[in-house]
Amino acid sequence: MAGTLFELYGGFATFSAVVNSFYQKVLDSDELAPYFDNVNMERLMSHQTNFIATALGGPDNYEGRDLKQVHARYNITVPHFQEVGELLSESLEEAGVKDEDVATIMNLISGLMDQIVSSK
Amino acid sequence: MPSHQNASQLLSELVHNIDQGMALCDIENLNVIEFNQTFASWFGITGDNPALKLIFADDILKRINNAITKNRIYRFKHITTVNRREQHLDLNAKVIVLANGQSYLFIQGIVNNNEQQMIKMVKDHSVFIEHGKQLLEEAVVKAESANNAKSMFLASMSHELRTPMNGILGMVQQLFKGELSEEQAEYLTTIQHSGDQLLAIINQVLDFSKIEAHKVELHPESVDMKQVIHNIVSLCSGAQEDKGTTIAAVVPEQTLPFLLVDDVRLKQVLINLLNNAIKFTQQGEISLELVLINTDKSHCQLQFTVNDTGIGIHPDRIEHLFEPFAQNDASTTRNFGGTGLGLTISNQLVGLMGGKIKVESELDKGSNFSFTLSLPISHQVEPEVMAKAPELTKAFFKNKKILVVDDTRINIKIMSMVISDTEAEIIVATNGQEAVEAFKSNNIDLILMDCLMPVMDGFEATAAIRAIEPAAEHTIILAVTASASEEIAVQCKASGMDDIILKPFKFDDLLAKLQSALMLNHQI
């Protein structure tokens with residue numbers, strides 16, 4: 001695992017902090033917050049941490065369901081998806097992740113857009 | 001009731017005094033328009049309308065601007081120094097619209113040192129744990145070295161004790177050869193029995209320290225188990241001649257295959273259990289029972305049981321029975337003798353063979369000690385039959401030259417006593433160097449070599465002799481040592497010695513060994 005982005009930036013300790021700050025930002029956003037009404041944030045954050053760990057070459061502990069299936073009922077729009085992406089990239093920057101690595105990660109995330117966005 | 005003006009003044013004072021810092025900024029140029037005392041103290045603001053860019057770094061300003069454009073809250077952390085003390089601030093920035101309809105940037109925050117305190121606590125804790133770990137490691141090292149020292153002490157003590165025992169038992173054997181009155185013979189017999197007993201105890205202590213130091217290795221041989229049982233019973237029957245007890249060997253009727261087991265160690269265990277039974281049984285029956293539990297292609301499962309009708313063991317004592325130096329109770333040692341190591345050693349040996357000794361006992365009814373071993377079936381059809389020791393013939397030693405090498409006068413004397421009964425010629429050397437010289441100038445047939453000597457030890461001397469003797473004329477060199485350790489045995493073989501004789505020895509045993517060595521040499 002050495003040499004992966006996950007290891008490079010300090011593994012779970014770093015990325016669970018990133019996920020933490022990322023969801024704080026999401027909940028701070030008046031537009032995004034309603035998506036998360038009645039959502040168990042603790043579970044979501046732990047899913048998200050594992051998802052990022054797996055995506056960045058760390059240990060594969062992601063046990064969440066299929067992305068498309070999970071997001072379908074929320075009718076997520078493209079601008080909202082982009083907004084969330086921006087917040088994530090901000091959290092990554094704040095955690096000291098280099099610009100080029102943020103770009104790599106964001107590239108990875110935008111590849112998921114088809115599975116997450118289901119509304120115009 | 002305060003007047004309206006008073007109330008607004010009070011509120012303004014209140015705002016200045018709360019622990020929360022707050023500032024209102026121009027949304028365009030990010031200059032601070034209003035701020036409370038707390039905010040001012042955090043950032044050392046003295047003048048009016050300071051610019052935010054003098055307070056925060058560029059990346060923070062960038063994200064603040066971002067938050068303004070996107071109309072969201074931006075949360076961030078900032079470290080500042082107030083009164084030379086580091087303070088960690090949790091801040092957030094967001095756009096608010098006031099009653100005048102204007103939008104402003106509102107920054108507020110609190111001091112939050114929790115994280116730092118937590119980090120410090122974790123650090124302290126880990127220092128504390130590290131310290132505890134160090135103490136523990138030191139204690140383990142100490143305990144290990146103390147235990148090693150104990151094992152070393154036991155091993156070297158028993159070694160040191162064997163050497164004088166050789167003197168005592170040797171002299172007794174020599175005395176028996178002479179004319180003795182009945183009384184003298186009785187005294188001598190007592191000395192010999194006591195000596196034998198003492199030697200047995202020394203051997204037990206040595207065994208115990210070797211097992212403790214994990215230095216015991218098993219050497220499995222192919223054996224006829226039923227024969228082993230019969231041999232042990234007939235051997236032990238001698239020990240209870242004049243008591244009102246009988247000893248029976250109970251073995252299965254069917255034929256057993258030859259089995260692989262370290263028979264020396266197995267016999268040691270069974271003899272120990274049987275001798276215990278004899279010791280604690282005044283009347284009745286003792287039996288050594290062998291039961292075949294199960295057999296398959298490769299293994300035989302056998303149960304060994306020693307039953308007695310003796311004094312029995314109190315239930316409270318059974319669990320302590322296998323602890324070293326613990327006998328049934330302290331008075332046992334006085335009444336029955338022994339080191340209290342026999343059962344410990346037996347249990348450890350059975351453990352090495354893959355079993356565990358079980359005890360059942362009833363006071364005044366008797367005890368039974370049993371264990372089960374799963375022994376591999378030997379593919380050797382016949383067990384190796386030891387060449388029968390040849391009849392001792394003194395004539396065989398005629399004209400043979402035997403070199404005795406030892407730095408202890410008593411040992412030389414005793415070995416000379418044994419050999420002087422034969423017609424062999426004895427040459428004496430008191431260290432390895434003398435031995436090499438004596439070897440050069442005499443036509444030596446056999447060498448009895450002590451291992452540890454001043455000037456040159458037995459290993460070096462053996463190596464030197466092996467180097468100078470002609471290849472076709474191998475001289476038998478027998479190590480004579482009080483040390484029964486595997487290391488010494490390995491060292492003896494490595495230096496070129498042919499066999500080992502353990503001190504103290506029985507005269508006849510030594511003679512038999514010398515004779516078979518000489519015969520072997522003759523054949524070569």
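Just so we're on the same page: letters track the sequence lines, and every chain starts at 1. Not measured: the values here are computed from a predicted model.
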- prompt: If you look at every heavy atom in A:G58 and A:F6, which pair is closest and at what distance?
  reply: CA-CD2, 3.4 Å
- line: To the nearest 0.5 Å, atom CD of A:E7 lies from atom CG of A:L56 at 10.5 Å
- prompt: Under a 4.5 Å cut-off applied to non-hydrogen side-chain atoms, are B:I68 and B:L30 in contact?
  reply: yes
- line: Closest non-hydrogen atoms of B:N31 and B:N29, given as atom of the first, atom of the second and distance, are N-OD1, 2.9 Å
message: If you define the side chain from C-beta out and look only at heavy atoms, does anything of B:L375 sit under 4.5 Å from B:L260?
response: no
message: Please report the interatomic distance CZ(B:F39) to CD1(B:I55), rounded to the nearest 0.5 Å.
response: 4.5 Å
message: Checking side-chain polar atoms at under 3.5 Å, does A:Q24 have a donor or acceptor matched by the opposite partner on A:D28?
response: yes
- line: dist B:Q348:CD -> B:F322:CZ (nearest 0.5 Å) comes out at 11.0 Å
message: Non-hydrogen contacts under 4.5 angstrom with chain A: give the residues of residues 102-140 of chain B involved, or none if there are none.
response: none
message: Pairing donors with acceptors under 3.5 angstrom, does anything connect the side chains of A:T49 and A:S16?
response: no
message: With heavy-atom distances below 4.5 Å as the criterion, would you say the side chains of A:F12 and A:N50 are in contact?
response: yes
- prompt: To the nearest 0.5 Å, how far apart are CD in A:Q48 and CZ in A:R43?
  reply: 13.5 Å
message: If the contact rule is any heavy atom under 4.5 Å from chain A, which residues of residues 56-66 of chain B qualify, in numerical order?
response: B:K62, B:R63, B:N66
- prompt: Any sub-3.5 Å donor-acceptor pair from B:S12's side-chain atoms to B:S8's backbone N or O?
  reply: no
field: Whether A:F36 and A:Y23 hold their rings parallel, tilted or perpendicular, with breakpoints at 30° and 60°
entry: perpendicular
Sidechain-backbone polar pair: A:D101 side chain, A:L92 backbone, donor-acceptor under 3.5 Å: no
- prompt: Just checking heavy atoms, which of residues 76-90 of chain A are less than 4.5 Å from chain B?
  reply: A:E83, A:E86, A:L87, A:E90
task: Name, in order of residue number, those residues of residues 72-89 of chain B that have a heavy atom at a distance of less than 4.5 Å from a heavy atom in chain A; otherwise write 'none'.
output: B:R72, B:I73, B:Y74, B:R75
